[in-house]
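Computation of the quantities below employed the complete heavy-atom set of this structure, encompassing side-chain atoms and omitting hydrogens, waters and symmetry-equivalent molecules. Bear in mind the structure is a predicted one, so any value in this text is a computation, not a measurement.
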Amino acid sequence: MSHLLFEPLTLRGLTFRNRSWVPPMCQYSVESLDGMAAPWHLVHYGSLARGGAGAVIVEATGVTPEARISEKDLGLWNDEQRDALIPVVDFMHSQGAAAGIQLAHAGRKASTYPEWGTDFEGSLPESEGGWQTSAPSAEAFPGLEAPRELSEAEIGEIVSAFAASARRSMEAGFDFVEIHGAHGYLLHEFLSPLSNTRTDSYGGSPENRARFLLEVVDATRAEVGEDVPVLVRLSATDWTEGGLSLDDTAQLSAWLKDHSVDLVDVSTGGNVMATIPVGPGYQTTFAEGIRKQARIPTAAVGLLTEPFQAEHILATEQADVVLLGRESLRDPNFPIRAADALRHQIDYKPAQYHRAYK
Ligand SMILES: Cc1cc2nc3c(=O)[nH]c(=O)nc-3n(C[C@H](O)[C@H](O)[C@H](O)COP(=O)(O)O)c2cc1C
């Protein structure tokens with residue numbers, strides 16, 4: 001029987017072996033606070049690739065030191081960080097997975113304590129190594145220190161930093177890049193009227209609020225060339241009156257398509273405090289809406305945990321790819337398990353483990 005979950009997908013010059021992918025997930029596992037990949041990253045991303053994913057997207061990776069959520073985040077603002085990622089990418093390739101990386105700037109949500117391994121939360125004081133955050137407007141995210149407003153010249157520098165990190169991604173061997181435009185981080189802060197009150201050409205109308213992201217996309221495309229897929233992760237709704245809605249995000253996705261983006265990874269929320277109706281597949285309708293309205297491939301994500309649920313999303317044309325986050329942490333072999341559940345033959349169960357699959 002054929003199953004869409006195990007149907008290859010081609011975007012530009014890259015063919016993915018299946019549509020069960022792993023979304024970016026911060027590990028906060030950099031050892032020397034220098035943005036460099038450590039043994040944890042090799043084992044963690046390696047095991048997800050070995051588990052049969054079509055693609056594994058490496059966690060939010062800072063394009064500058066100030067772009068990091070915490071000091072334990074990966075970075076890609078220098079060549080040493082690039083070189084430290086090469087063995088991680090090589091091993092993912094040896095297991096047949098496409099290797100992606102999410103390039104990110106945390107904006108007003110930067111400079112925090114890491115999510116685990118400390119008794120503290122919130123903004124990291126400058127006395128402990130924290131830094132002044134920046135954003136479209138000097139409005140704090142609840143519970144965090146206030147950012148300062150970026151100048152137009154600084155916006156241009158951040159566009160260049162994304163481009164330089166995209167170039168290093170290619171040099172490290174990554175097959176594709178994802179630009180982080182979601183979850184209340186810098187690019188989302190510009191997109192949303194709830195966090196962008198600028199009066200220059202980067203604020204006001206939807207076109208103006210999208211300008212920064214589109215500049216990042218164009219600069220990234222110029223670095224990676226025509227054969228490499230460029231994905232963008234968006235928060236399709238702010239879940240708040242007066243914030244971004246599905247229709248706004250569908251319009252933006254159409255612009256992204258015109259600017260050569262190949263797939264929109266559809267998440268939600270994160271820019272303001274909101275009540276989110278979390279439940280199985282709770283964001284999938286947004287992936288479907290964007291796919292239909294903007295006619296661009298989408299990835300669905302959010303409480304997807306079951307093989308038949310994943311297959312159903314694809315079979316009903318709600319999305320082109322499914323991303324399993326926390327389920328992949330619980331079971332890095334989810335794609336192999338899903339193939340068994342769907343009774344679908346795959347030829348990439350690790351040969352080393354053949355006695356487990358007799
Ligand atoms: C530990 C952890 C770290 C995460 N880090 C990132 C990240 O770096 N970038 C991002 O866009 N989303 C991040 N997310 C969100 C996930 O990519 C995903 O969208 C979310 O967990 C919902 O999917 P799930 O229900 O399958 O886990 C993270 C989630 C988790 C659990």
Would you indicate whether the side-chain heavy atoms of [Y] and [X] approach each other to under 4.5 Å?
X	Y	value
W116	S29	yes
P297	D262	no
Y348	Q95	no
R221	D218	no
E139	T197	yes
V217	F162	no
Y282	T285	no
E128	Y113	yes

Quiz item: Between H183 and Y185, what is the ring plane arrangement, given parallel below 30°, perpendicular above 60°, and tilted in between?
Solution: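 Plane angle over 60°, so perpendicular.
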Can you find a side-chain donor-acceptor pair between [X] and [Y] that sits under 3.5 Å?
X	Y	result
S267	S235	no
Q283	T268	yes
N208	S201	no

Minimum heavy-atom distance between [X] and [Y], given as atom pair plus value:
X	Y	result
L244	P193	CD2-CD, 4.1 Å
A300	I313	CB-CG2, 4.1 Å
W131	P65	CZ2-O, 3.6 Å

Self-check item: Audit row: N271, E189, side chain to side chain contact (heavy atoms under 4.5 Å, CB included) steps and yes/no
Solution: CA-CA 7 Å; N271 195 33; E189 291 160 17; 3.7 Å; yes
If you draw a 6.0 Å radius around [atom1] in [X], do more than 12 non-hydrogen atoms from other residues or ligands fall strictly inside?
X	atom1	value
E207	CD	yes
R148	CZ	yes
E152	CD	yes
H312	NE2	no

With a 4.0 Å cut-off, would you call [X] and [Y] a salt bridge?
X	Y	answer
R19	E7	no
K72	D34	no
D265	R233	yes
K292	E288	yes

Practice problem: Before giving the answer on salt bridge (charged side-chain N to carboxylate O under 4.0 Å, His left out), spell out for E145 and K109 the whole-Å C-alpha distance, their side-chain angles and the decisive distance to 0.1 Å. | Solution: CA-CA 9 Å; E145 294 289 333; K109 290 168 82 174; over 6 Å; no
Connected via hydrophobic side-chain network under 4.5 Å: [X] and [Y]:
X	Y	value
V177	V228	yes
M170	L74	yes
L103	V22	yes
L124	F120	yes

Quiz item: Do F176 and F16 make the cut of ring centroids closer than 6.0 angstrom?
Solution: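 Between F176 and F16, the centre distance is under 6.0 Å.
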Quiz prompt | Euclidean distance, E157 CD relative to S151 OG, rounded to 0.5 Å | solution =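 These two atoms lie 7.0 Å from each other.
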Quiz item: Do E171 and R167 pass the salt bridge (charged side-chain N to carboxylate O under 4.0 Å, His left out) test, and can you show the C-alpha distance, the side-chain angles, and the key distance before you say yes or no?
Solution: CA-CA 6 Å; E171 291 166 355; R167 175 176 47 76; 3.2 Å; yes
Practice problem: Please answer whether the main-chain N or O of L76 pairs with a side-chain N or O of R168 as donor and acceptor at a distance below 3.5 Å. | Solution: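 Judged by distance alone, yes, a pair lies under 3.5 Å.
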Practice problem: Could you please spell out the steps behind the side chain to side chain contact (heavy atoms under 4.5 Å, CB included) verdict for L329 and M25? | Solution: CA-CA 9 Å; L329 301 183; M25 286 181 283; 3.7 Å; yes
